[in-house]
Participant: 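Quick one: structure below, then a few questions.
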Amino acid sequence: MLQQFNISAFQQDLLRWYETSKRNLPWRKDQDPYKIWVSEIMLQQTKVDTVVPYFERFMNQFPTVYDLADANEQEVLKVWEGLGYYSRARNLQNAVREVVATYNGEIPSSPDQLGALKGVGPYTKGAILSIAFNQPEPAVDGNVMRVLSRVLKIEEDIAIPRVKKLFESYVKELISKEDPSSFNQGIMELGALVCTPKSPSCMLCPVQEYCKAFAEGIEEELPIKSKSKKQKTVPYVALLICNNHNQYIIEKRSEKGLLANLWQFPMVPINEIGMDHLENWFESEYGVSITLNRKQGNLKHVFSHIIWQLEIYEARTNQQEVNDDRLKMVDQETMDTFPFPVSHQKMMKYIG
DNA sequence: AAGTCGGGGAT
DNA sequence: ATCCCAGACTT
């Protein structure tokens, strides 16, 4: 497939550039498979700069697989708070417990065993195998598809799973057998620093001479990617319910779905319930009698596939305790120990 | 193949 | 506003 392409020269130019240009990142200090694993999970759909402080805190709190396996899920979610895609954290802990139980705490270096772990998909499997275990396995992420779609001028839709497999087959041919770790990280680093989505720095590119897209002046047109449809807006009334001891009602979200097992202030889907029936509905749903008070403001929160439009209301209750399993009455200091999504962290600013 | 699952930064 | 980020899982 790669006729008239000087693979070994390409490898050499890429590896030389990576050696001198790579960023100093906390998971690059050694080849600890656990650190590589944690970093790769955090880096899914997340930029390096965002991940670094989370990675430092996470490794500080859970230095080994045993520490993570022994932790409460809520502790793990609290460290993950604000990073998003929280199932990553839950799957990671699930998988680490599997490693402790089944593999005596040793992260497996076999592709099948690694890929069977929860949350370890094709990309992460290849990343761990190549970076931690020096195996020449492809690790195709968005960076790799962007770089190679330009270098090789691949004009197929990268959103199609079949096309991603095509890129994996190309990487299998291209990857350095001597240093698969630096090769995979080098392409990704190139995509992050030079071969960027918009206005790539082709003049600084170490593999410019191999790039078909640059030769034809179409680097800005690649990769081809079909557009995702826009999100739907869902309106809620979100309630800051306070009793006369300055305690607030918080609610644990479902163990499945969006923001699973995180905490929030109670939210009422207002289109379904109606403002007039809000207090009655809340009483019948949660067994808590409340009185709606002043509106405190609006908050719009954008997710990948939906948009929350939150109307924030203050409310009062005379109860000192709650019976519903989902609910807790807590003061502000205690509230800080629970994992909240960012939208509800912003709501806390309306307290007091 | 399409939908679900966060949040932030760059443009 | 739109895109996209070191993607995986479910249906």
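Keep in mind that the numbers below use all heavy atoms, side chains included, and drop hydrogens, waters and symmetry copies. All chains are named by letter (A, B, ...) in the order of the sequence lines, taking the proteins before the strands, and each is independently numbered beginning at 1. Quick caveat, the model's predicted, so the values are computed rather than measured.
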Participant: Please give me the minimum heavy-atom distance between Asp67(A) and Gln61(A), naming the atom from each residue.
Facilitator: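 Looks like CB-O, 4.4 Å.
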Participant: Below 4.0 angstrom from OP1 or OP2 of dT4(B), is there any side-chain N or O of Tyr85(A)?
Facilitator: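 Answer is no, no contact under 4.0 Å.
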Participant: Any idea which of dC3(C), dA8(C), dA6(C) is nearest the Lys227(A) side chain?
Facilitator: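 For Lys227(A), the side-chain atoms sit closest to dC3(C).
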Participant: Considering every strand and a 4.0 Å limit on heavy-atom distances, what is the contact class for Arg253(A): base, sugar-phosphate, or nothing?
Facilitator: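 Since no nucleic acid heavy atom lies under 4.0 Å of Arg253(A), the category is nothing.
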Participant: Can you tell me the distance, in whole Å, between the CD1 atom of Ile224(A) and the C1' atom of dC4(C)?
Facilitator: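 From Ile224(A) CD1 to dC4(C) C1': 16 Å.
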Participant: In whole angstrom, what separates Tyr123(A)'s OH from dC9(C)'s P?
Facilitator: 14 Å
Participant: Of the listed nucleotides (dG6(B), dC5(B), dA1(B)), which one gets closest to any side-chain atom of Phe303(A)?
Facilitator: dG6(B)
Participant: Considering every strand and a 4.0 Å limit on heavy-atom distances, what is the contact class for Gly191(A): base, sugar-phosphate, or nothing?
Facilitator: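 Nothing: the residue Gly191(A), judged by heavy atoms under 4.0 Å, touches no strand.
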Participant: Grab the CE-C1' distance between Met42(A) and dG7(C) for me, whole Å please.
Facilitator: 15 Å
Participant: Below 4.0 angstrom from OP1 or OP2 of dT4(B), is there any side-chain N or O of Lys256(A)?
Facilitator: no
Participant: Establish, yes or no, whether a centroid distance under 6.0 Å links the rings of His301(A) and Phe303(A).
Facilitator: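 His301(A) vs Phe303(A): aromatic centres under 6.0 Å.
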Participant: Any side-chain N or O of His301(A) less than 4.0 Å from the OP1 or OP2 oxygen of dG7(B)?
Facilitator: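 The answer is yes; a side-chain N or O of His301(A) sits under 4.0 Å from OP1 or OP2.
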Participant: Between Phe58(A) and Tyr54(A), is the ring-ring contact (aromatic ring centres under 6.0 Å, His included) condition met? List the steps.
Facilitator: CA-CA 6 Å; Phe58(A) 194 96; Tyr54(A) 281 92; 9.7 Å; no
Participant: If Ile, Leu, Val, Met, Phe, Trp and Tyr residues are connected whenever their side-chain heavy atoms lie under 4.5 Å apart, and connections chain through other members, are Tyr313(A) and Ile351(A) in the same group?
Facilitator: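 They do not share one cluster, since no chain of ILVMFWY contacts under 4.5 Å joins Tyr313(A) to Ile351(A).
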Participant: Base, sugar-phosphate, or nothing: which does Ile41(A) touch, judged by heavy atoms less than 4.0 Å apart?
Facilitator: nothing
Participant: Is it true that Glu73(A) and Arg90(A) make a salt bridge, defined as a side-chain N closer than 4.0 Å to a carboxylate O?
Facilitator: yes
Participant: Give a yes/no on whether any side-chain N or O of Thr124(A) is located under 4.0 angstrom from OP1 or OP2 of dA8(C).
Facilitator: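 The answer is yes; a side-chain N or O of Thr124(A) sits under 4.0 Å from OP1 or OP2.
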Participant: Using the C1' atom on both, measure dC5(B) against dC5(C) and round to a whole Å.
Facilitator: 15 Å
Participant: Name the closest nucleotide to the Lys198(A) side chain, picking from dA6(C), dA1(B), dC3(C).
Facilitator: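 So the nucleotide nearest the side chain must be dC3(C).
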Participant: Select one nucleotide: of dC9(C), dG6(B), dA6(C), the one nearest the side-chain heavy atoms of Asn91(A).
Facilitator: dC9(C)
Participant: Counting only side-chain heavy atoms from C-beta out, which of dG6(B), dA6(C), dA8(C) sits nearest to Lys164(A)?
Facilitator: dA8(C)
Participant: Report yes if the distance between the aromatic ring centroids of Tyr18(A) and Phe183(A) is under 6.0 Å, otherwise no.
Facilitator: no
Participant: Tyr54(A) has an atom OH; how far is it from atom C1' of dG6(B), in whole Å?
Facilitator: 10 Å
Participant: Both Gln44(A) and Lys229(A) contact DNA chain B. Which one's nearest nucleotide lies toward the 5' end?
Facilitator: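 Going by which nucleotide is closer to the 5' end, it is Lys229(A).
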Participant: What distance, rounded to whole Å, do you find between the two C1' atoms, one in dC4(C) and one in dG6(B)?
Facilitator: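 Roughly 13 Å separates the two C1' atoms.
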Participant: Counting only side-chain heavy atoms from C-beta out, which of dG7(B), dA1(B), dA6(C) sits nearest to Ile160(A)?
Facilitator: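 Selected nucleotide (nearest to the side chain): dA1(B).
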Participant: Rounded to whole angstrom units, what separation is found between the CG atom of Leu193(A) and the C1' atom of dA6(C)?
Facilitator: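 Those two atoms, CG and C1', are 12 Å apart.
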Participant: How long is the line joining NZ of Lys47(A) and P of dC4(C), in whole Å?
Facilitator: 10 Å
Participant: Report which part of the nucleic acid Arg146(A) touches: base, sugar-phosphate, or nothing (heavy-atom distance under 4.0 Å, all strands).
Facilitator: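 Contact class for Arg146(A): sugar-phosphate only.
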Participant: Heavy-atom nearest nucleotide on DNA chain C for Val120(A) versus Arg23(A): which residue maps closer to 5'?
Facilitator: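 In this pair, the answer is Arg23(A).
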Participant: Under a plain distance cut-off of 3.5 Å, with no hydrogens placed, do Ser181(A) and Gln185(A) share a side-chain donor-acceptor pair?
Facilitator: yes
Participant: How many Å lie between CG on Leu117(A) and C1' on dG7(C), as a whole number?
Facilitator: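 My rounded result for the distance is 16 Å.
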Participant: Select base, sugar-phosphate, or nothing to describe what Ser304(A) touches, counting heavy atoms under 4.0 Å on all strands.
Facilitator: base
Participant: Among the candidates dT4(B), dA8(C), dG6(B), find the nucleotide nearest to the side-chain atoms of Arg88(A).
Facilitator: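 It is dG6(B).
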Participant: Between dC4(C), dA6(C), dG6(B), which one does the side chain of Gln45(A) approach most closely?
Facilitator: dG6(B)
Participant: Counting only side-chain heavy atoms from C-beta out, which of dG6(B), dA6(C), dA8(C) sits nearest to Thr46(A)?
Facilitator: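 Shortest atom-to-atom distance from the side chain points to dG6(B).
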Participant: For dT4(B) and His305(A) - does any side-chain N or O of the residue sit under 4.0 Å from the phosphate oxygens OP1/OP2?
Facilitator: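 For dT4(B), OP1/OP2 do not have a side-chain N/O of His305(A) under 4.0 Å.
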Participant: Nearest nucleotide by nearest heavy atom, which residue falls closer to the 5' end of DNA chain C, Glu40(A) or Gly119(A)?
Facilitator: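 Residue closer to the 5' terminus by nearest nucleotide: Glu40(A).
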Participant: Mind calculating the distance between CD1 (Ile158(A)) and P (dC3(C)) to the nearest angstrom?
Facilitator: 13 Å
Participant: Can you check the distance between dG8(B) and dA8(C), where both ends of the measurement are the P atom (answer in whole Å)?
Facilitator: 22 Å
